[in-house]
Structure formats: C-alpha cells, structure tokens
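The figures that follow rest on heavy atoms only: side chains count, while hydrogens, waters and symmetry mates do not. Read the numbers this way: they start at 1 and go in the same order the structure lists the ligands and their atoms.
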Amino acid sequence: MRTRPALALSSFCASAMRAQVLQAARRPLELRELPDPRPGTGQVGLRVRACGVCRTDLHVVDGELTEPRLPLVPGHQIVGIVESLGPGVERVQTGDRVGVPWLGWTCGTCRACLQGRENLCERARFTGYQIDGGFAERTVADARFCFPLPPGFPDLQAAPLLCAGLIGYRSLRLAGDAERLGLYGFGAAAHIVAQVARHQRRRVFAFVRPGDEVARRFALEMGAVWAGDSSQTPPETLDAAIIFAAAGELVPAALRAVAPGGVVVCGGIHMSDIPSFPYAWLWGERVVRSVANLTRRDGEEFLALAPRVPVKTQVTPYPLESANEALEDLRQGRLHGAAVLDMKEGTSPS
Ligand SMILES: [Zn+2]
Ligand SMILES: [Zn+2]
C-alpha cells in the first residue's frame with residue numbers, strides 16, 4: 001500500500017503547512033498537512049493572514065458549483081503577506097500585504113478579455129475553485145491579480161472586502177443611479193453595500209429572512225432606512241434591487257417592488273430556479289440581470305473607495321481548524337456580517 005503524500009511529508013519535508021481540503025463535494029473539509037506551495041512564473045508565495053468565508057465557498061462544498069479542481073483548498077478572500085516571488089514578478093515585493101480575490105487568472109486574449117470584460121473570460125480560473133485558495137497557512141497567487149490593501153483595514157476586516165465588497169460594489173454599479181435601493185438577503189455583501197450606498201446618498205431598503213429579527217436590526221444599524229421581511233412590500237417603490245440571497249423566488253418579488261425602468265441585479269453565483277411570473281411584472285422596461293465575477297478595475301475602484309466611506313466590516317473570526325463550523329454557521333444563517341478564518345493565531349509546523 002502506498003503512503004499518502006500528506007502523511008509522508010511530516011517525516012521527510014521540513015517545509016509544510018496546514019490547509020483545509022475539500023476531497024469531494026458534500027463532504028466536510030479535512031485539515032491536512034501539505035507541502036508549502038512554491039510560486040511559479042508570475043506568481044507570489046503568500047503567508048495567509050486571514051481568509052473570508054463566502055457563500056460561494058458553500059456552493060462549492062455543497063456541490064452546487066460543479067467544476068472545482070479536486071482535491072481543493074477553498075477560499076477566495078485572502079489577505080496575505082508576500083514571502084517569495086516567482087520568476088518575472090515585478091509589481092509586488094516581499095513583505096507587501098496583498099489581497100487575492102475570486103478572479104485568479106484570465107487568458108488576456110479571448111474576445112471578452114480584449115473588450116475589457118475579463119470577468120467573462122472564457123478560460124478564466126477562479127481562486128478557491130480551480131486554483132487552491134486561502135483556507136491554508138500558505139498559498140500562491142498570480143501577481144497580476146493581487147491587490148494592495150488600504151492600510152486602515154486590519155487583516156480580518158480587510159478580508160471581506162475581497163469578495164463581499166468587490167461583488168457587492170460591482171452589483172451596486174450595475175444597479176445604476178438608483179436612489180431607492182432594495183437589498184434582498186442581508187449578509188456579508190449587503191452590509192458593505194449598505195454603507196457604500198448611504199455614502200452615495202442612496203436610501204437602502206433591506207429585506208431579510210422572515211422572522212430574522214437580529215438581521216433586521218443589523219440592517220438598520222448598517223444604515224438601511226427600512227428593513228423588513230422578504231415577503232413584505234417596501235413602503236416606497238424602489239428604483240433598483242440587488243438580490244444576494246440564493247432564492248430564485250426573490251426575483252419576481254423584487255420585480256414587483258421596482259418602478260418602471262428599474263433593474264433587479266442578481267449578485268450571487270448560484271440561485272435556485274426562478275418561478276414563472278406574469279410578463280406584466282417585467283413590462284415597463286424593467287430589467288433582470290446577473291453579476292458575474294469581477295474585473296481588476298472593480299477591485300482598484302472599490303479598494304480606493306472603501307477607506308473614503310469608510311466601510312466598517314463586521315466580522316466573526318474562526319481559527320483555521322474551525323472552517324467547517326464557519327461554513328455551517330453561514331449555511332444556517334447564524335452570521336451577521338462576514339465569517340473570516342484567522343490564520344495569525346495558528347501554529348505552523350514549519
Ligand atoms: Zn480571456
Ligand atoms: Zn465570494
């Protein structure tokens with residue numbers, strides 16, 4: 001019988017790290033010892049300080065996103081310190097603190113890339129999905145997709161900016177100049193978007209799971225002018241709505257809440273089926289659209305804007321060992337704000 005490499009490592013290799021590994025969909029992550037990843041051409045090696053936990057991680061673990069590289073280290077909201085540089089890296093130096101987002105690699109040559117829509121690159125690879133991510137003590141990333149992070153944000157508070165913040169910002173941009181903005185699902189993304197929206201002098205109407213009084217109060221604390229159940233009609237007609245919850249039935253509900261010409265933006269990567277609805281609810285030039293991934297321009301714009309708001313992220317930290325608990329708390333809707341794995345307290349075997 002062969003010895004599994006992860007076990008052999010501790011005896012033969014001094015340079016190892018701990019990582020949470022997905023072996024197959026619908027199985028808990030397993031804490032494993034893996035060889036330190038080494039940066040290839042154009043990559044940086046990172047000591048991970050914190051990594052946000054996103055609903056997309058849950059969709060990967062639960063098998064709702066069906067094309068992960070397996071085995072996989074999930075996590076795509078990475079805050080890390082550059083420890084080593086692969087050949088050809090110029091714009092990043094060792095010691096830099098950087099953020100690594102979901103968009104991990106693009107081809108640069110397909111039609112979408114050439115049109116400035118790299119979020120739609122047909123060969124794109126995503127961090128914590130096709131590329132090992134940040135639920136680990138060390139990782140590597142393509143230097144071109146690493147962002148410098150604003151200094152006013154400690155590691156834990158910076159992590160949720162990298163997906164909840166970035167995708168939230170892109171969703172908000174695609175909602176246009178809406179003054180009355182609905183947010184359906186008040187989790188990590190919405191709590192950031194609400195702050196940015198208020199800074200932009202919009203009014204936020206928050207919709208939470210029926211009966212979730214804690215989330216309702218949290219939305220009001222984050223600047224919503226009204227917060228109620230997703231089954232309720234808001235007190236005013238909305239100009240646009242963003243849906244962060246993965247529930248398809250919210251699409252017709254949001255369409256009924258927006259004025260003619262209003263847009264309903266679906267901000268999640270996965271959603272349950274949308275029930276059929278009368279054409280009259282779409283009539284009046286209402287628009288339903290999705291938001292896919294991010295561009296580096298979104299990252300640069302949002303990370304420049306976040307300190308000016310200033311965005312204050314509310315985080316619940318978990319040690320690396322407790323990644324499964326963090327995912328379960330997210331699955332059960334027990335979190336208000338963002339879950340973040342905190343790697344600073346961990347003990348490294350190397
Ligand atoms: Zn491309
Ligand atoms: Zn995400």
Are the aromatic ring centres of Phe145 and Trp102 under 6.0 angstrom apart?
-> no
Using the benzene-type ring in the case of Trp, are the ring centres of Tyr129 and His76 under 6.0 Å apart?
-> no
Those residues that, when tested against Ala240, pass side-chain contact (heavy atoms from CB on, under 4.5 Å) (two or more places apart) | Ala175, Ala178, Leu181, Val263
With Pro260 via side-chain contact (heavy atoms from CB on, under 4.5 Å) - residues at least two apart | Arg286
For the Zn ion (ligand 2), which protein N/O/S atoms are closer than 2.8 Å?
-> Cys54 SG, His76 NE2, Cys163 SG
Are any non-hydrogen side-chain atoms of Leu341 and Phe135 less than 4.5 angstrom apart?
-> yes
Could you check if a side-chain atom of Pro74 sits within less than 4.5 angstrom of a side-chain atom of Val60, using non-hydrogen atoms only?
-> no
How about Tyr169 and Glu301: does a side-chain donor come under 3.5 Å of a side-chain acceptor?
-> yes
Salt bridge check: are Glu137 and Arg47 linked by an N-O gap of less than 4.0 Å?
-> no
Which protein atoms of type N, O or S are found under 2.8 Å from the Zn ion (ligand 1)?
-> Cys107 SG, Cys110 SG, Cys113 SG, Cys121 SG
Pair Asp132-Leu72, side-chain contact (heavy atoms from CB on, under 4.5 Å): steps then yes or no | CA-CA 6 Å; Asp132 277 341; Leu72 172 76; 3.9 Å; yes
